[in-house]
Amino acid sequence: VACAGGDLVTLDPRGGRRTRELRGDLRDVGAGAEGVWVSRFRSAELVRVSSARAVSTTPPDRRGPVGDVDDLGFAARVAWRTLSAPDGGHWMLHQWHLTDPLVGEAIEGRDRYYGGGVVETGVTRFRDGRVERTAAFEFVALPVDAVALAPDRIAVAEAGRREVTILYPETGRDFPYASRTHDGGRPVALAFHPAVGIVTQYVDPPGIGIFEDRRPTEYGGRHARLGEATPPDRGHELFHDVTARGVACATCHPEGADDG
């Protein structure tokens, strides 16, 4: 169990408990052939934990366009989800945040150029504690959860656009999978089973959707309501809905009650 405060807790069926103290901001945790690993949320780190030490790796910085400026710096932040890849290693679904000043042509070009925003979605592949490859997806907004479908693709819950999207990290391709989920619900969690498909939990209104991975271009599927719809919370909607530039309030304030 990875705790946000930094405790990494190991539990066994007989009631035993062992706690190791790490630096805080822990998010996901797992174990496999490469040993125990945890991720850090804000700093987008993958940490390999052994009995002797904890070694961190982060996605590399990158250069990209904003407005009419083609070469600005971005740093990896906010690791929404880190998961084990089917063929070994790990995928990290994270954001890239602009680190260079946004001045001149970058600001003036924002109204003329769609794409290359100040925050972009990234997927980084780690293997043996090293970065193997990265891919940027500039039109994927507020990707709060992900699930591995196969060695070459993952499904992502885009809470900002209320869509489920398939990403191909090796090629950088993406396309909407279940556009506008049932009743316009906002997807917040995903699971996958080859015999069932992609299971999506959504809110506003609450429900479950199941979509077949074998037919990713078809938007149909099975849906079930989880209770009656409640009156919309306009503040919650405003905080999570994306703008035309592909960012939401939650993009820079991922934990809500903070200063980003």
Side-chain angles (χ1 to χ4, degrees), residues 1-13 15-32 34-61 74-85 89-97 99 119-126 129 131 134 140-148 154-160 186-191 200-204 206 233 235-236 238-240 247-260:
V1 179
C3 304
D7 286 349
L8 180 61
V9 182
T10 302
L11 307 173
D12 68 55
R17 169 174 173 157
R18 185 173 71 254
T19 300
R20 178 166 179 175
E21 294 184 359
L22 302 173
R23 183 164 53 84
D25 191 35
L26 301 185
R27 177 72 165 186
D28 296 312
V29 61
E34 298 181 10
V36 177
W37 59 269
V38 294
S39 65
R40 287 198 171 97
F41 183 51
R42 292 303 193 102
S43 56
E45 297 175 62
L46 180 69
V47 185
R48 301 173 70 197
V49 182
S50 69
S51 58
R53 58 179 182 166
V55 180
S56 298
T57 309
T58 58
D61 294 345
F74 289 79
R77 299 288 186 271
V78 188
W80 288 107
R81 185 63 67 216
T82 302
L83 51 142
S84 296
H90 306 88
W91 277 321
M92 178 182 286
L93 176 69
H94 58 86
Q95 296 178 171
W96 265 303
H97 291 197
T99 55
V119 178
E120 294 182 352
T121 292
V123 176
T124 296
R125 173 66 177 263
F126 296 90
V131 174
T134 63
V140 175
L142 201 59
V144 298
D145 199 16
V147 65
I154 63 176
V156 172
E158 285 194 73
R186 190 187 305 277
V188 294
L190 298 175
T200 306
Q201 179 189 359
Y202 49 90
V203 298
D204 303 330
D233 184 332
H236 187 274
L238 179 64
F239 191 79
H240 291 90
V247 296
C249 299
T251 302
C252 298
H253 307 269
E255 294 178 285
D258 65 300
D259 292 329

Evaluate the criterion side-chain contact (heavy atoms from CB on, under 4.5 Å) for residue pair H94 and V78; output intermediate values, then yes/no. CA-CA 5 Å; H94 58 86; V78 188; over 6 Å; no
Say you draw a straight line from CD of E120 to CZ of F74; how long is it, rounded to the nearest 0.5 Å? 5.0 Å
Check: W80 and V156 side chains under 4.5 Å, non-hydrogen atoms: no
V9 and L11 have their tightest heavy-atom pair at CG1-CD2, 3.7 Å
So CG of D233 and CZ of F239: to nearest 0.5 Å the spacing works out to 11.5 Å
Who pairs with R27 by side chain to side chain donor-acceptor pair (under 3.5 Å), at least two apart in sequence or on another chain? none
Between CE on residue M92 and OG1 on residue T124, distance to nearest 0.5 Å: 7.0 Å
Apply side-chain contact (heavy atoms from CB on, under 4.5 Å) to residues T10 and R17 and explain how you reach the verdict. CA-CA 6 Å; T10 302; R17 169 174 173 157; over 6 Å; no
Would you please test R40 and L22 for side-chain contact (heavy atoms from CB on, under 4.5 Å) and show each step? CA-CA 11 Å; R40 287 198 171 97; L22 302 173; 4.2 Å; yes
When rounded to the nearest 0.5 angstrom, what is the spacing between CD1 in I154 and CZ in R125? 10.5 Å
Within the 4.5 Å heavy-atom criterion, are V131 and T57 side-chain neighbours or not? yes
Gap between atom CG of L46 and atom OG of S56 - 0.5 Å precision: 8.0 Å
Interatomic distance, CZ@R42 vs CD@Q95, rounded to 0.5 Å, equals 10.0 Å
What heavy-atom pair brings A2 and D28 nearest, and what distance separates the two atoms? CB-O, 4.3 Å
So which heavy atom on L238 is nearest to which on C249, and how close? O-SG, 4.1 Å
Determine whether a donor-acceptor pair (N or O, by modelled atom type, separation under 3.5 Å) exists between the side chain of D61 and the backbone of A75. no
Grab the two heavy atoms, one from T200 and one from P187, that are nearest each other, plus how far apart they are. CG2-CB, 3.7 Å
Whether R186 side chain and A159 backbone form a donor-acceptor pair below 3.5 Å: yes
For the rings on F126 and W91, is their centre-to-centre separation under 6.0 Å? no
Of the non-hydrogen atoms in A54 and R20, which two are nearest, and what is the gap between them? N-NH2, 4.0 Å
Any idea which heavy atoms bring F41 and P254 closest together, and the distance? CZ-CB, 3.7 Å
For V188, does its backbone N or O pair with a side-chain atom of Q201 as donor and acceptor, under 3.5 Å? no
Give the intermediate values and the outcome of side-chain contact (heavy atoms from CB on, under 4.5 Å) for residues T121 and L93. CA-CA 7 Å; T121 292; L93 176 69; 3.8 Å; yes
